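In what follows, a single structure is set out as structure tokens and then discussed.
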Amino acid sequence: MTELMTSGIELMMVGMGLVFLFLAMLVLAINLMSALVLRYFPDAPPATAAGRPAGGGKGVDAGVIAAIAAAVHQYRTRPK
Amino acid sequence: MTELMTSGIELMMVGMGLVFLFLAMLVLAINLMSALVLRYFPDAPPATAAGRPAGGGKGVDAGVIAAIAAAVHQYRTRPK
Amino acid sequence: MTELMTSGIELMMVGMGLVFLFLAMLVLAINLMSALVLRYFPDAPPATAAGRPAGGGKGVDAGVIAAIAAAVHQYRTRPK
Amino acid sequence: MDNLLSLWHSTGLYNITGGQALMMLVGFLLLFLAIKKGFEPLLLLPIGFGAILSNIPVAGLNDEGGLLYYLYFGIKTGLFPLLIFMGVGAMTDFGPLLANPKTLLLGAAAQFGIFASLLGALALNIVPGLEFTLKDAAAIAIIGGADGPTAIYVASRLSPELLGAIAVAAYSYMALVPLIQPPIMRALTTEAERRIEMQQLRTVGRSEKIVFPLLLIGLTALLLPSAAPLVGMFALGNLMNACGVVDRLSQTAQNELINIVTIFLGLSVGSKLSAEAFLQMETLGILALGAAAFAIGTAAGVLMAKLMNKFSKTLVNPLIGAAGVSAVPMAARVANKLGLESNPHNFLLMHAMGPNVAGVIGSAVAAGILLSLVQ
Amino acid sequence: MDNLLSLWHSTGLYNITGGQALMMLVGFLLLFLAIKKGFEPLLLLPIGFGAILSNIPVAGLNDEGGLLYYLYFGIKTGLFPLLIFMGVGAMTDFGPLLANPKTLLLGAAAQFGIFASLLGALALNIVPGLEFTLKDAAAIAIIGGADGPTAIYVASRLSPELLGAIAVAAYSYMALVPLIQPPIMRALTTEAERRIEMQQLRTVGRSEKIVFPLLLIGLTALLLPSAAPLVGMFALGNLMNACGVVDRLSQTAQNELINIVTIFLGLSVGSKLSAEAFLQMETLGILALGAAAFAIGTAAGVLMAKLMNKFSKTLVNPLIGAAGVSAVPMAARVANKLGLESNPHNFLLMHAMGPNVAGVIGSAVAAGILLSLVQ
Amino acid sequence: MDNLLSLWHSTGLYNITGGQALMMLVGFLLLFLAIKKGFEPLLLLPIGFGAILSNIPVAGLNDEGGLLYYLYFGIKTGLFPLLIFMGVGAMTDFGPLLANPKTLLLGAAAQFGIFASLLGALALNIVPGLEFTLKDAAAIAIIGGADGPTAIYVASRLSPELLGAIAVAAYSYMALVPLIQPPIMRALTTEAERRIEMQQLRTVGRSEKIVFPLLLIGLTALLLPSAAPLVGMFALGNLMNACGVVDRLSQTAQNELINIVTIFLGLSVGSKLSAEAFLQMETLGILALGAAAFAIGTAAGVLMAKLMNKFSKTLVNPLIGAAGVSAVPMAARVANKLGLESNPHNFLLMHAMGPNVAGVIGSAVAAGILLSLVQ
Ligand code: NA
Ligand code: NA
Ligand code: NA
């Protein structure tokens, strides 16, 4: 086997090892983080939805949409 | 006449000739292309309109928007 | 007092003087300008509000359009 | 006291030259035309403001390290006009042209305005004090293309020092199309010709609209590669819009991207409106030649339409020939308006859109020819 | 084994210096302030993230060839702050100022915060270990302008190595305006003064709003050309919005363009938050001086209003003088809130918008003066 | 005559080489795949068009001074792929991953496709005429990451001359995921395994979603700084979206900015599709290795899921392991579709989104490892 292949195999083993190591540590970190957050900074469940009025401005329209859908429908199906 | 004018006149003749040549070839190419497309890949006529709801929707909305703006305005200024 | 402080104090006096001078001249210029404009180019008062429907409409419409597009789409693809 | 003097020496009032003052007035005039007269405000407003900024003494916005100096790279590299051309391509509907391809010839004829004014520029060299090289003449002539990005692209390559005047003339005359064209169109047509009703255009399908930009870039690659940057970016924009599968790219190209680049391009063009470059006899020559180019292009388009009627049984209304200068969609609207005057039931707008967009291609082709033949 | 060691040597843990670790914590702190405390999140979030990225060992994001290295060109050339200033101009309504132009003087007075803290910076040189040059002092002082793009623009020109700390201080104190200003405003005004009701502002027409930015750039060109880049881009944005004929450009300047540039600017500023530059006595000095500048500017604005009342029969409520520091629209809201506390029918918001936007012009003018006099 | 000859000599037809003609056909083929077959049109359309433009003879769009030459700076500096990655981060919802973090291991396993094809590339060197260096092999292998910006970023750093082929392979195979993956997934799973229903995911709160990107960049900084540019920009985008306080920046990053950069990136990548670089045996090798990488990654993800089921009492449906290659959200949809075939009440989509976004992180991590170890 060429030297290049050897270093390729080494790279494969080290690389996959590091990928697993990194993502496994991320699993641990997430579990720890979630436990801490859920314990000390629990979101009020509805807060998640209501907490973002700006982006959610879209969501707010939801009520309006119904009204409009009706309006459009009425407008389109009016006798001509 | 100066040499510059001579090359200007030459440029004019060659230039206009090439413009006509290019666009005339484009006419031929379009005619050929349209014939081929219409023969082998005919669009379903309504597909043209319905095929692009996103871009096409816009113009249509213009009329609808007015209607809706009115509706929304009525909705918002209704006695509470 | 160091030379640096001296130049700092000078800078402060000259600087504040120039700021006041500039903005005071701007006050005069605005008064003059307003007088001239109001005398020779008076706006029709409602024109200010109505003159720019595009800019004002834009933000509102963007959200509404999406809602409507959805509504219309739903309406169009309903079982007939 | 010494200090006050040095302060006074740092003011604009102390440092301003007559030329700078005049050029700032030119900038204010452009703003007036843009805002009050509605002359192509999207371009002339930033151009006018750029003219003011670049002529402020001491500030050095144009010098190395200044804002306009950096923005100008977008013109030097060709990036700005090409990106705008891509956006224009995305906004262009080739349907009317594809429904009646022979109107491309009207777009070809109208380019005569370009080449005639090129000759005119060279002829003007007999005026003492004017000295236009072939490059200058070609850069000026492209005003006749009635297409802003094309004019700026060509001028930036052939004659950068004339760029400011050329861009201003190009956009000003585009705004003046409703004034320049009608008398010429009336003079060259009979009432009967203006009444010609054209047969309704067929609907062009999506497939043809997708293939067309590919045809265009293919033909350009094979025959006129020097037009490839302009035609290519135009075709790319058009393809993005026509294909219907990259609508988010097409929308961005037509809106935010073209808006951003327009601001930058306008300021950069304005930065070329310096006293040394603009307050010259040459500028008067450019203004005269630009007007002539528009007039000749209009005439050539109309006459070509009349010529085509001699050889074809399906008549075209010669008014739509005037739309071949491009100036989209103004020139098409002018043709429509004159048509309605003679025949209130004759709506020429869609028919005129064919030569109108043909004129855009025509002037990009002419630009490629000039860039290739004038070195 | 050898390999594992070299792997370990390539980790951040192995390479990180104490300074980098601290600066990453500073970055996380900024993110916390931005997200949890709502401190100017649009700027402090990207700045904080930029601080983290630029202090990651080995990665070299700040080094030649790194992402932040390239983005920083936008600050080095002045492009980013000037484009943001253009967007701010497009968002600014000068109506309240034009209805009551003398409030410009409040915006002038509040700039005393700048010049007083400049003196303060020089005075701080007596503290061993601190060594502020005149340029440094001017760059720090501009924090008192309470205007982000202006502060970044001036700091990038006069004292780039202090840019990070200056920008962080400027945006942090802007967020703290509702805490810093009220005690000063209360201390310097009587209850009776805070109750003053001002007469309703006249409606300002479109023409005046169009002419104003032209007046502004004209005056700047003639008197203070060194302020032309800042004032010019601000006036351009304002004109695009006011004129009503280039709404698509104005909308883009206020939205997509300013958003894009804000992300880039924030990251670039963050890249200047390196341990060597930030973890210094100087930074403490900057933070102290910044707070002093805001406080002094607030006081000067209030006192100027009281002074104006001595000479004019149409009284101004001295609370609106505090809005002269700019920090648009936060300072105007603070004035409104304190006014309502004393007189529940006294809505000062629109009245305070006059000095508030005057403060933006005032600090741009002060910036021009500093750039011109401090070399 | 002489003139006509020189005209003919300036045409594309006269100058075109066989290679250029072939590469233009490749460009048209990519456009066909993008438009008619729906192969990742947002990228393959500009890439295909870029390929056409860059192979037009004489025009020199790729040469110094040409449009594509300037655009390519955005790739050379890494700016374009990193900005796209930021936008992708802003579009990514880590909720499903945070609800079931162990699916990160599926995203890790799927990266085996990368390292196996790296070995494959080196093994291919026994084919005469192929000569892949370690850098080339690493750049090719990253195709297995099934992530466009990551592939382009790595290739631009390690093997720029292969960039065109690598990008085309990466996007093509991403589009082919619904064809490549199912047979492998079926072959490696039993009907019973495919029927496994997973327990419903808990709702993940806003706080966790905000902390996650910070955790991610923190861990990257400490352990794998060479992945910091990619992971950092991804985390920045994600944070901007999750925090909810800079929605205007997040929206711009997800829309206008990513659209603009996509057009530029596509054209620049296309400019690397030159005959000399693309019409080589290497390209065939790249295409073969890319397909292998996708297949191996898919298999590794599925097998990892089966392995995890041996050690855990809460079972995962092995189909979602295939989503670990990323190709968001296509691979998750494939897993969902196959799940529904075996059990019409089993909706795997949300469960598959966990490994799917894990795969994005996984390949960015793998990219960092390659950039760090391969010099
Ligand atoms: Na034209
Ligand atoms: Na201020
Ligand atoms: Na991946």
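To find a chain, count down the sequence lines: A is the first, B the second, and so on, and within it residues start at 1. Not measured: the values here are computed from a predicted model.
- Of all heavy-atom pairs between E:Leu61 and F:Ala228, the closest is CD1-CB, 4.5 Å.
- At a 4.5 Å heavy-atom cutoff, the contact between F:Leu79 and chain E is made by backbone and side-chain atoms alike.
- Neither the backbone nor the side chain of E:Phe32 comes within contact range of chain F; no heavy atoms are under 4.5 Å apart.
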Quick one: donor-acceptor pairs under 3.5 angstrom, chain E versus chain F?
{"residue": "E:Gly12", "atom": "N", "partner": "F:Leu222", "partner atom": "O", "Å": "2.8"}
{"residue": "E:Leu13", "atom": "N", "partner": "F:Leu222", "partner atom": "O", "Å": "2.7"}
{"residue": "E:Gln254", "atom": "O", "partner": "F:Arg248", "partner atom": "NH2", "Å": "2.6"}
{"residue": "E:Asn259", "atom": "OD1", "partner": "F:Arg248", "partner atom": "NE", "Å": "2.6"}
{"residue": "E:Asn259", "atom": "OD1", "partner": "F:Arg248", "partner atom": "NH2", "Å": "3.0"}
{"residue": "E:Asn259", "atom": "ND2", "partner": "F:Arg248", "partner atom": "O", "Å": "3.2"}
{"residue": "E:Asn259", "atom": "ND2", "partner": "F:Thr252", "partner atom": "OG1", "Å": "2.8"}

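- Neither the backbone nor the side chain of E:Leu68 has a heavy atom closer than 4.5 Å to any heavy atom of chain F.
- With respect to chain F, the highest number of heavy-atom pairs below 4.5 Å among E:Ile16, E:Leu42, E:Ile52, E:Leu53 belongs to E:Leu42.
- Highest contact tally toward chain F, considering only E:Val58, E:Leu267, E:Ile35, is held by E:Ile35 [criterion: heavy-atom pairs under 4.5 Å].
- For residues 43-51 of chain E, a heavy-atom distance under 4.5 Å to chain F picks out E:Leu45, E:Pro46, E:Phe49, given by residue number.
- The candidate with the highest count of non-hydrogen atom pairs below 4.5 Å against chain F, out of E:Pro57, E:Gly65, E:Gly66, is E:Pro57.
- Both the backbone and the side chain of F:Ala235 come within contact range of chain E, each with at least one heavy atom under 4.5 Å from a heavy atom of that chain.
- The heavy-atom pair separating F:Pro225 from E:Ala59 by the smallest distance is O-CB, 3.4 Å.
- There is no contact between F:Ile369 and chain E, counting heavy-atom distances below 4.5 Å.
- For F:Ile210, the part sitting under 4.5 Å from any heavy atom of chain E is the side chain, from C-beta outward, and nothing else.
- Neither the backbone nor the side chain of E:Ala21 comes within contact range of chain F, judged by heavy atoms closer than 4.5 Å.
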